[in-house]
Amino acid sequence: MGAIVYWALIRIAILLPLLWIALDYIEYKYWWALFSLAIYGIIIQPIIIQYKLFKEQNSQVISNSLCSTCKHFDETAVLCLKYDEHPSKDIIPCEGTDWQPK
Ligand code: SF4
């Protein structure tokens, strides 16, 4: 999740100055259309795609793992809050010793 936010901020930091510069070269009425398309195509759409990929890649850990039933597990970040590590389908950071029911 952090990577999705990080790259979204990078794209925003690059895109907004470019759009600001484009304002000098494009008529204002067309600039808003360009602005809207750029925001959607370069910022919002990649976030949606990256989030879907994130959910697909972690669906098994989120729904069907030891960590998914533990109170230390944060589903939104796929993170063990106790160990501050990302469990995977093959790796459980505590190896089951610190599991506690939700
Ligand atoms: S404490 Fe252990 S079982 Fe619970 S979320 Fe962390 S790694 Fe998974």
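For ligands, and for the atoms within them, numbers begin at 1 and follow the listed sequence. Scope of the values below: all heavy atoms of this structure, side chains included, with no hydrogens, waters or symmetry mates. As the structure is a prediction and not an experimental result, all values here were calculated from the model.
Distance check: L9 CG to R11 CZ gives 9.0 Å after rounding to the nearest 0.5 Å. Note that CD1 of I44 and CD1 of I39 are 7.0 Å apart. Values are rounded to the nearest 0.5 Å.
Formation of a donor-acceptor pair under 3.5 Å by the H86 side chain with backbone atoms of V78 is found in this model.
When all heavy atoms of Y83 and T97 are compared, the closest pair comes out as OH-OG1, 4.4 Å. G96 and I92 make their closest contact through N-CG2, 3.9 Å (heavy atoms, listed as atom of the first residue, atom of the second, distance). The shortest heavy-atom contact between V61 and S68 is O-CB, 3.4 Å.
Inside a sphere of radius 2.8 Å centred on atom 4 (Fe) of ligand 1, the protein N/O/S atoms present are C70 SG.
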